[in-house]
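Each remark here refers to the structure printed beneath this line.
Every value quoted in this text rests on a predicted model; they were computed, and no experiment measured them. Remember, it's 1-based here, ligands and their atoms both numbered in the order they're listed. In what follows, residues are counted from 1 in the order of the sequence shown.
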Amino acid sequence: MASEPVEGGWLSRWLRQYIRLRWMAVAAVVAGLLVARYVLNLDLSLFPSLVIVAVIVLYNTIFALWQGRRPAEKREAFGAARSDRRFALVQVISDLLALTALLHFVGGIETPFFLFYLFHVGFGSIMLSRRDAYMVAGLTVGLFLLLAGAEYAGWISHVHLEELAPVGLYRNAMYLVVLTVGFAAALFGLTAGATIIVEQLRRQYEREAQARERELVEAGQRLEELDRMRAFFLALASHDLKTPLAVVANYLQAILDGFVGEVNEKQRVWMERANVRVLELIRLINDFLDVSQLAPERIAEEMEFVLLEDVVRRSSEEMRPKAEEKEVTLEIRIPEGLPSVYVAPRRLQQVVTNLLDNGVKFSPRGGLVVLEVHQYENVVQVDVVDQGPGISALYLSHIFEDYFRVQRKEFIPGAGLGLSTARKIVEAHGGEIWVTSPCFGDGKGSRFSFSLPLSPQERSDKE
Ligand code: ADP
């Protein structure tokens, strides 16, 4: 049967349970009828009762199919959808009608089976709105009266079960009045009790939900506050650290360029090393600062047509002092006639610089770092290959995450932001970035690659 649960609130779950219970009730009624007829030998005509049971089977099948197909709906407070409530009402009313008909064929109100009404009224009080619950209680009293009244007045014949009640009890007016009043009091008492409990549970649920919502809002505010503080400290870092460092770098460069007199060879070597360290520190600070400026919209604003070759050359020039200091050879291979690409040049340069920087940083002294550009049909791809130690498979899947750094024995400066920054920039261009490591047979070396899509115009430029 297609009664696979529909995602829903508590009422949806109750309704599925209700349908399951109805199957059990059907089995119990059939068993009860058979026992009454053939074991207890009551004078009961089975056919009409079984017809009613068949009707119950039919509508329960329809309910089960309907329940399985209904899409999940927006829930009201306390997780109940309006359509769930309507569906519950239809089911309760169907049951009340079926029970009234069945009651008629098993002795009317003379038998205790009318107590089953309590079951439906109880269920209704839990599943329905308060108003509908009282309406169901009223309807039940009405059906009870209708059955009793119709039999009393002789509009329908009475089925008398010899062994269960004295003859003519159904025509005993006093019995009828007392039974009806008592029964109605029990029904409304049950409805009042159940709806009060359900209402209290609903209020408690709502209070808890509101408290949870308040906590979420407060957590959100705290996060915003932290974000503001972070931005403040970043701005502070930018001003208080970066500015003086940039001045130091300028002075060093001025000394190296001979503005303040002759620099001997030994001084030059030491000064160049100091300069490389200062530039490294500036790049580190830039990495921190850039994290907050990597929103794709901001990158999109800076896009223009540029020659990829220019971007790559600028990056490699930037890296050259550091490479020379480590005696690493930087080799740039760019094919002739590359089309111009639509990119944010400053950002793209940062991607290439970050990859070259890592390549040099992890290369052994005297190593080789190769940057190669390829153009394929729809994309242009840049590969940066180094002869460094490679990256363990354990870390590969995290390498492009914010602040992720591989634990290494020797100290290598970095903030764990270079690759994540590169990823964000490449993705903002609609491209992809990936790593193959190790990339040489001896278990060493890394190849970092990224590709950028070429627009139809860029492709036709090439042709
Ligand atoms: P960082 O600025 O700290 O280098 P990255 O995001 O650039 O941060 O790199 C993250 C980690 O990936 C680094 O800690 C480093 O160990 C590893 N890694 C990056 N590039 C290479 C490479 N070419 N060879 C070996 N390991 C690398």
Using distance alone, decide if ligand 1 has a nitrogen or oxygen within less than 3.5 Å of any nitrogen or oxygen in Phe362. no
For atom 19 (C) of ligand 1, what is the nearest protein heavy atom, given as residue, atom name and distance? Asn358 ND2, 3.5 Å
So Phe123 and Phe119, would you call those rings parallel, tilted or perpendicular, with 30° and 60° as cut-offs? perpendicular
How does Val406 reach ligand 1, if at all, at less than 4.0 Å between non-hydrogen atoms: by side chain, backbone, both, or neither? both
Sort out for me which residue in Leu307, Leu308, Leu454 forms a side chain to side chain contact (heavy atoms under 4.5 Å, CB included) with Pro339. Leu454
Tell me whether Phe448 reaches ligand 1 (any heavy atom closer than 4.0 angstrom to a ligand atom). yes
For atom 10 (C) of ligand 1, the closest protein heavy atom turns out to be Phe404 O, 3.2 Å
Answer yes or no for Ser446: is there a heavy-atom contact with ligand 1 below 4.0 Å? yes
Do the ring planes of Tyr342 and Phe305 sit parallel (below 30°), tilted (30 to 60°) or perpendicular (above 60°)? tilted
Any ion pair linking Glu317 and Arg320 (charged N to carboxylate O, less than 4.0 Å)? yes
Under the criterion side-chain contact (heavy atoms from CB on, under 4.5 Å), I'd like the reasoning laid out for Ile19 against Arg16: C-alpha separation, chi angles, the key distance, then a yes or no. CA-CA 5 Å; Ile19 291 169; Arg16 280 194 291 277; 5.7 Å; no
Identify, by atom number and element, the atoms of ligand 1 in contact range of Ile399, meaning under 4.0 Å from any of its heavy atoms. 12 (O), 17 (C)
Should the ring pair Phe87 and Trp66 be called parallel, tilted or perpendicular, given that the plane angle runs from 0 to 90° and is split at 30 and 60? perpendicular
Compute the shortest N/O to N/O distance between Lys361 and ligand 1 and return yes if it is under 3.5 Å, no if not. yes
Thinking salt bridges, do Arg203 and Glu199 make one under a 4.0 Å N-O criterion? yes
Any salt bridge linking Glu301 with Arg298? Criterion: basic side-chain nitrogen under 4.0 Å from a carboxylate oxygen. no
Quick note on ligand 1: atoms under 4.0 Å from a heavy atom of Leu417 include exactly 6 (O), 8 (O)
Which residue owns the protein heavy atom closest to atom 23 (N) of ligand 1, what's the atom, and how far is it? Asp386 OD2, 2.8 Å
Side chains of Phe362 and Lys444 in contact at under 4.5 Å (non-hydrogen atoms): no
Atoms in ligand 1 flagged as close to Arg405, the criterion being non-hydrogen separation under 4.0 Å: 3 (O), 14 (O)
Please check whether Gly416 reaches ligand 1 - meaning an N/O of the residue sits under 3.5 Å from an N/O of the ligand, judged on distance alone. yes
Purely on distance, is any nitrogen or oxygen of Gly418 under 3.5 Å from one on ligand 1? yes
Atom 6 (O) of ligand 1 - nearest protein heavy atom and its distance: Leu419 N, 2.8 Å
What protein heavy atom sits nearest atom 25 (C) of ligand 1, and how far away is it? Arg408 NH2, 3.4 Å
Step by step, would you call Ser315 with Gln349 a side-chain contact (heavy atoms from CB on, under 4.5 Å)? CA-CA 6 Å; Ser315 285; Gln349 188 177 331; 3.1 Å; yes
